2 protein chains.
Amino acid sequence: MSENVGRWLRDEIENAILSYEFAPGERLDETVLANRFGVSRTPVREALMQLDAIGLIEIRPRRGAIVIDPGPHRIYEMFEVMAELEGLAGSLAARRLDKASREAITATHSRCEQSAAAGDSDAYYYDNEEFHKAIYAASRSDFLQEQCVQLHRRLRPYRRLQLRVRNRLSTSFLEHCAIVDAIFTGDGDEARRLLRTHVGIQGERFSDLVASMAAR
Amino acid sequence: MSENVGRWLRDEIENAILSYEFAPGERLDETVLANRFGVSRTPVREALMQLDAIGLIEIRPRRGAIVIDPGPHRIYEMFEVMAELEGLAGSLAARRLDKASREAITATHSRCEQSAAAGDSDAYYYDNEEFHKAIYAASRSDFLQEQCVQLHRRLRPYRRLQLRVRNRLSTSFLEHCAIVDAIFTGDGDEARRLLRTHVGIQGERFSDLVASMAAR
DNA sequence: AATGCCATTCTTGTATACACAAACGTTGAC
DNA sequence: GTCAACGTTTGTGTATACAAGAATGGCATT
């Protein structure tokens, strides 16, 4: 539990939204939330304010808070931006790579290899996240790293859906290999290009996303 | 005045921070702010929570809120990300350009021309912002547009400092011309490249920034 | 039967009060 | 004279009370 109740509630509600416990479009009643978590309305309001600022919910004056429903098109736009940021991170990482970052990337990369070989989609989902975070960190740009982590967090549920697609696990890992190679050989432009296509959801992958979203 | 006091306060305090009325590192006392704006502490706290979520201030538990001081290096990192996002916006704009966007870009571009010709740095600062916003809009990606506008807003004070540098006005406008040309001819890659170098602060422009920041 | 208006009720928005933690100053002892 | 400990003060964190606005349901009128 975080230092103060407001922060804790923010994380708690954020997780509930990202895990679809609070469905998109659902109205979040302050009193209900306060009772549920056993606190007063004040910290609940503070948490909601922050989630509104982040963009996870929308607070309409005098009409309460509702969970934002991004919809496939907006998700696509978010992946597009994510791809661009990851591309930048990759190109910076290639230029600035040091020993520690290299080892972190290698370590997470080999964990991905194991999960992919085992066909364990849930494990890969987690290891994949760590792999990408290692690249963010290797960019040595604190701001970029923060932006990437934040956007990654918001897209987390959809990234998970993507992995369900047939053969995605192995192709994803093969793409990782090429990315690692580009970064380690210092080819920033190639790392950027590979990461952009790896993260973006071009062509049929977009329809796959729409299909998995509809299936829920 | 916005719908509720909290939102209004958020904008008010945000402007005060961005215009250096509240200096970086300064502690923001809730009671003082409440008195100053003639409201109670509750909406002040809500405003501060939101500003913390945006990243303009930092609230340390039980120790109050302080205005974040980015420092030259972090500003550089933020410009780096901004350059990347604007590059993406430019390349999308080149691909998706329609009549309305084309006219908006042309209109803001010619206003920049007038301000630049007049050597009016303040007018150019404003027109330049509108020009860039027209490109964001032309990207037809709502999410990208929002991200760009938000980051642009945070970097606004520094963009203004940059324009003070000798000859920057005319070189900036010349770069605009090339960018418009690339977008209108549908050359997405070129638009991306030009915008990246236009927005980023490479080489001596970084020292210029540091110098102007130190001068304050 | 349908539609419009009014009243009631529920929920949000703001204020105030109280509790608790941290920082600073003062005093005493070594 | 300096350092440490205790008390006071200041300011944050949470709860509760009160006010104002929006939604909903019922009743009346057309």
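Labels below follow one simple rule: chain letters A, B, ... track the order of the sequence lines, proteins then strands, and each chain is numbered from 1. The structure presented is a predicted model; accordingly, all values stated were derived computationally and were not measured.
- In summary, of the residues considered (A:Thr31, A:Asn35, A:Leu33), a side chain to side chain contact (heavy atoms under 4.5 Å, CB included) with A:Val44 occurs for A:Leu33 alone.
- For B:Arg159, the side-chain hydrogen bond (donor to acceptor under 3.5 Å, both in side chains) partners two or more places apart in sequence, or in a different chain, are B:Glu86, B:His152.
- Look at CG on B:Asn4: it is 19 Å from P on C:dT11, rounded to the nearest Å.
- Ring orientation note: the planes of B:His198 and B:His132 are close to parallel, at an angle under 30° on the 30°/60° scale.
- Residue contacts for A:Arg62: at a heavy-atom cut-off of 4.0 Å it reaches a base atom on one of the strands shown.
- Remark: P of C:dT11 and CD of A:Glu30 are 10 Å apart, rounded to the nearest angstrom.
- Aromatic ring orientation, B:His176 versus B:Phe131: parallel (interplanar angle below 30°, classes split at 30° and 60°).
- At a cut-off of 3.5 Å, with distance as the only test, no side-chain donor of B:Ser115 or B:Tyr125 sits close to an acceptor on the other residue.
- Residue pairs meeting the salt bridge (Lys or Arg N to Asp or Glu O under 4.0 Å) criterion with at least one member in residues 55-79 of chain A, sequence neighbours excluded, are A:Arg74-B:Glu146.
- For the segment residues 40-61 of chain A, residues with any heavy atom less than 4.0 angstrom from an atom of DNA chain C are, sorted by number, A:Arg41, A:Arg45, A:Pro61.
- Closest to the A:Val39 side chain, of the nucleotides D:dA23, C:dA23, D:dA15, is D:dA15.
- At whole-Å resolution of the value, CG in A:Leu33 and C1' in C:dC10 are 16 Å apart.
- In this entry the distance linking CD1 of A:Ile66 with C1' of C:dT12 reads 15 Å, nearest Å.
- Take the nearest nucleotide of DNA chain D for A:Arg63 and for B:Arg63: the residue whose nucleotide is more 5' is B:Arg63.
- In this structure, A:Phe37 atom CZ and D:dA15 atom C1' are separated by 18 Å, rounded to whole Å.
- Out of D:dT12, D:dA23, C:dT11, the shortest distance to the side chain of B:Asp29 is found at D:dT12.
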